Amino acid sequence: MERKVLVTGASGLIGRELCKQLSKNFHVVGIDNEFRYSYRPNSQEFVKENLQSFLDACQEEFAYIFHMGAINGTKYFYDIPNKLIENNISADMSVFKYAERNKKCKIIYASSSEVIADTNIFPTPEINNIAIHDITNPRWSYRLSKIVSENYLTNSNINYIILRFFNIFGPASASGHFIRDILEKIDNEDFTLIAPDETRSFCRVEDAVDAVVNIFDKVDNTTVNIGSDEELTIKEAANIIAASKGLTVDWKRLPPNYGSVSRRCPDIAKLKNIYPQYSPKKFKDAIQDL
C-alpha cells in the first residue's frame, strides 16, 4: 500500500512542487485554503479547507506531513501582522497536535531565513542564537511565528525536521516577492529599486524541493538550511532579471524597508553533507526558466 503524505499549502510555490515530486513515490493529499493561490496541485487528492478543521476531524494516518502552509510575503508582514501571527501559529499548532496524537507521523516543517535576521555570521549556518531588534516592528510578525513553532518542535516529542528556506522563487512566485515584483516593475516601466546594496541568495523552487525530497527521511530532529549559497546584491539580481528581458536599466535607488536585513546567505554545508549531489542552478541560469 502506498504511504499517504499530507502537503499543506499545496497550492503555493513550494507546496505545488512538493506535490509534483512526492507523487512519484507517495499517495499525496494536498490541502490549501487558497488564501493566496487558486491552483490544483499534481497530487492524488486535493482538499480546499481550513487546515485546523481538517486535522481536527481527520481519521487518516499520514506517514509524513510536509507543512508548507502559512501566510507569507513581505507585503503581508507589514499590512496584516496580527492576522498573519494568528493564522500561522494556529495552523502550526494544529499540525503539531495531530503529530502528538499520531506518533508515527513525522513533520517536515517549513521555517524561514527570517528567523535568523540580524545575524552577523555569513554564510549563516543553522544557528539557534537569535536577536530581535524592535519587537514592535510589524515585519517580525512572520519571523516570530516561525520562532515560536521552532521552539515548540524542538521541545516536543514529535519526530521532525525543520527546513529554513532562503529566498525560494519560481514561475509561480506571486506579487510581494522580489522576482515577481521586479518583473512587474519592468513591465510597468517603474525603475525604482529598494535597497540595491542589500544581498540575498536566491534558489529556484525545483532545486529547493529536490533537496527536501532527498533529505526528509534521512535525518531526524534537526534543522537544515535550504537554498543556494550564491550571494548577490539586489541590484545585481535585478540587472540579471532585466537582461533576461533584453533590457539594461538605470535603477533609481530607494531606501530599505524598516527592518530589512543588509545581507542574507545560507551556509549549506549541512545540506550537502546529507545530500552530496545537491547542486542548485546559478541565478543567471535559473532566471531563464521564468
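These numbers were taken from a predicted model, which means no experiment stands behind them.
More than 12 non-hydrogen atoms from other residues, nucleotides or ligands lie less than 6.0 angstrom from CG of D134. Around atom NZ of K284, no more than 12 heavy atoms belonging to other residues, nucleotides or ligands sit under 6.0 Å away. Other residues, nucleotides and ligands contribute at most 12 non-hydrogen atoms within 6.0 Å of the NZ atom of K235. Residue-environment remark: NZ (K218) exceeds the threshold of 12 foreign heavy atoms within 6.0 Å. More than 12 heavy atoms of other residues, nucleotides or ligands lie within 6.0 Å of CG in D187, so this atom counts as buried by the packing criterion. Few gaps surround CD on Q277; more than 12 heavy atoms of other groups in view lie less than 6.0 Å from it.
Remark: side-chain polar atoms of E17 are not paired, donor with acceptor, to backbone N or O of D210 under 3.5 angstrom. At distances below 3.5 Å, at least one donor-acceptor pair connects side-chain atoms of W140 with backbone N or O atoms of H133. In this structure, N50 contributes its side chain and S53 its backbone to a donor-acceptor pair below 3.5 Å. In this structure, S90 contributes its side chain and N87 its backbone to no donor-acceptor pair below 3.5 Å. Judged by distance alone, with hydrogens and angles left aside, the side-chain atoms of S23 form a donor-acceptor pair with the main-chain N or O of N42 at under 3.5 Å. Side-chain atoms of T119 do not come within 3.5 Å of backbone N or O of I116 as any donor-acceptor pair. Of the possible donor and acceptor atoms, none in the side chain of Q52 sits under 3.5 Å from a partner among the backbone N and O of S94. When atom types are taken as modelled, the side chain of Y78 and the backbone of N137 share no donor-acceptor pair closer than 3.5 angstrom. Between the side chain of T124 and the backbone N or O of I121 there is at least one donor-acceptor pair closer than 3.5 Å. When atom types are taken as modelled, the side chain of T199 and the backbone of T233 share no donor-acceptor pair closer than 3.5 angstrom.
Two rings, from F35 and Y76, have their centers less than 6.0 Å apart. Between F202 and F166, the distance separating the two ring centers is not shorter than 6.0 angstrom.
In this structure, I268 CD1 and D229 CG are separated by 4.0 Å, a value rounded to the nearest 0.5 Å. If you take CZ on F169 and OG on S228, they are separated by 9.0 Å, rounding to the nearest 0.5 Å. Atoms CD and CG, on E230 and D285 in that order, are 8.5 Å from each other to the nearest 0.5 Å. Interatomic distance, OG of S113 versus NZ of K146, reported as 11.0 Å (0.5 Å rounding). Atom OG of S201 and atom CG of D267 lie 11.0 Å apart (nearest 0.5 Å). Atom CD of residue E49 and atom SG of residue C58 lie 9.5 Å apart, to the nearest 0.5 angstrom.
One finds a salt bridge joining R143 and D118 here, because a Lys/Arg side-chain nitrogen approaches an Asp/Glu carboxylate oxygen to under 4.0 Å. Between E150 and R164 there is a salt bridge, since a side-chain N of the basic residue sits under 4.0 Å from a carboxylate O of the acidic one. For D207 and R204, the salt-bridge test passes: some basic side-chain N is under 4.0 Å from an acidic carboxylate O. Between K4 and E45, at least one side-chain nitrogen of the basic residue sits less than 4.0 Å from a carboxylate oxygen of the acidic one, meeting the salt-bridge criterion. Between R200 and E231 there is no salt bridge, since no side-chain N of the basic residue sits under 4.0 Å from a carboxylate O of the acidic one. We find that E114 and R264 are joined by a salt bridge, their nearest charged nitrogen and carboxylate oxygen being less than 4.0 Å apart.
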Could you please spell out the steps behind the side-chain contact (heavy atoms from CB on, under 4.5 Å) verdict for I132 and I147? CA-CA 11 Å; I132 298 176; I147 290 172; 4.0 Å; yes

For K106 and D220: C-alpha separation, side-chain torsions, deciding distance, then whether salt bridge (Lys or Arg N to Asp or Glu O under 4.0 Å) applies. CA-CA 9 Å; K106 181 175 181 178; D220 298 313; 2.7 Å; yes

I'd like to know whether R40 forms a salt bridge (Lys or Arg N to Asp or Glu O under 4.0 Å) with E34, so could you lay out the CA-CA distance, the side-chain angles of the two residues, the decisive distance to 0.1 Å, and finally the verdict. CA-CA 10 Å; R40 293 296 187 269; E34 298 186 347; 2.2 Å; yes

Is there a side-chain contact (heavy atoms from CB on, under 4.5 Å) between N225 and F165? Walk through the geometry before answering. CA-CA 6 Å; N225 288 339; F165 289 102; over 6 Å; no

Would you check, one step at a time, whether the test salt bridge (Lys or Arg N to Asp or Glu O under 4.0 Å) holds for K97 with D92? CA-CA 9 Å; K97 293 301 180 184; D92 290 355; over 6 Å; no

Pair I135-L144, side-chain contact (heavy atoms from CB on, under 4.5 Å): steps then yes or no: CA-CA 9 Å; I135 195 67; L144 287 166; 4.1 Å; yes

Verdict with reasoning, D79 to K75, per salt bridge (Lys or Arg N to Asp or Glu O under 4.0 Å): CA-CA 6 Å; D79 289 354; K75 169 182 169 59; 2.8 Å; yes

May I have the step-by-step check of side-chain contact (heavy atoms from CB on, under 4.5 Å) for F191 and K252, ending in yes or no? CA-CA 6 Å; F191 300 127; K252 178 183 177 182; 5.9 Å; no

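With contacts defined as side-chain heavy-atom distances shorter than 4.5 Å, the pair L84/P81 does not qualify. Counting only heavy atoms from C-beta outward, the side chains of H177 and N72 approach each other to under 4.5 Å. No side-chain heavy atom of P276 sits under 4.5 Å from any side-chain heavy atom of Y278.
Side-chain atoms of S175 and E184 form a donor-acceptor pair, as typed in the model, at a separation below 3.5 Å. Of the N and O atoms on the side chains of T222 and K270, at least one donor lies less than 3.5 Å from an acceptor on the other residue. Of the N and O atoms on the side chains of D217 and Y64, not one donor lies less than 3.5 Å from an acceptor on the other residue. Between the side chains of W251 and N239, at least one donor-acceptor pair of N or O atoms lies under 3.5 Å. Side-chain contact check for Q288 and S244: no donor-acceptor pair (N or O, by modelled atom type) lies under 3.5 Å.
The hydrophobic cluster around V148 extends to L6, V29, I31, V47, L51, F54, L55, F62, I65, I85, I89, M93, V95, F96, Y98, I107, Y109, Y152, L153, I158, Y160, I162, counting ILVMFWY residues whose side-chain heavy atoms fall within less than 4.5 Å of a member.
Transitive grouping of hydrophobic side chains (ILVMFWY, heavy atoms separated by less than 4.5 Å) keeps Y142 and I168 in distinct clusters. No continuous path of hydrophobic side-chain contacts links F46 to L18 [ILVMFWY only; heavy atoms under 4.5 Å]. No continuous path of ILVMFWY side-chain contacts below 4.5 Å connects L183 to L13, so the two sit in separate hydrophobic clusters. Neither L254 nor I234 shares a network with the other; the hydrophobic side chains, linked directly or stepwise wherever heavy atoms of I, L, V, M, F, W or Y lie under 4.5 Å apart, form separate groups for each. Note on I182: it clusters hydrophobically with I287, by side-chain heavy-atom contacts below 4.5 Å among ILVMFWY residues.
In plain terms, the two heavy atoms of E198 and P256 that are nearest each other are OE2-CB, 3.3 Å. A pairwise comparison of heavy atoms in S11 and D32 identifies N-OD2, 3.0 Å as the closest pair. The minimum heavy-atom distance between S43 and G30, with the atom names listed, is OG-N, 4.0 Å. Taking each heavy atom of A242 and I186 in turn, the nearest pair found is CA-CD1, 3.7 Å.
In this structure, R139 is not positioned above the aromatic face of F77 in the sense of NZ or CZ being under 6.0 Å from the six-membered ring centre and within 45° of the axis.
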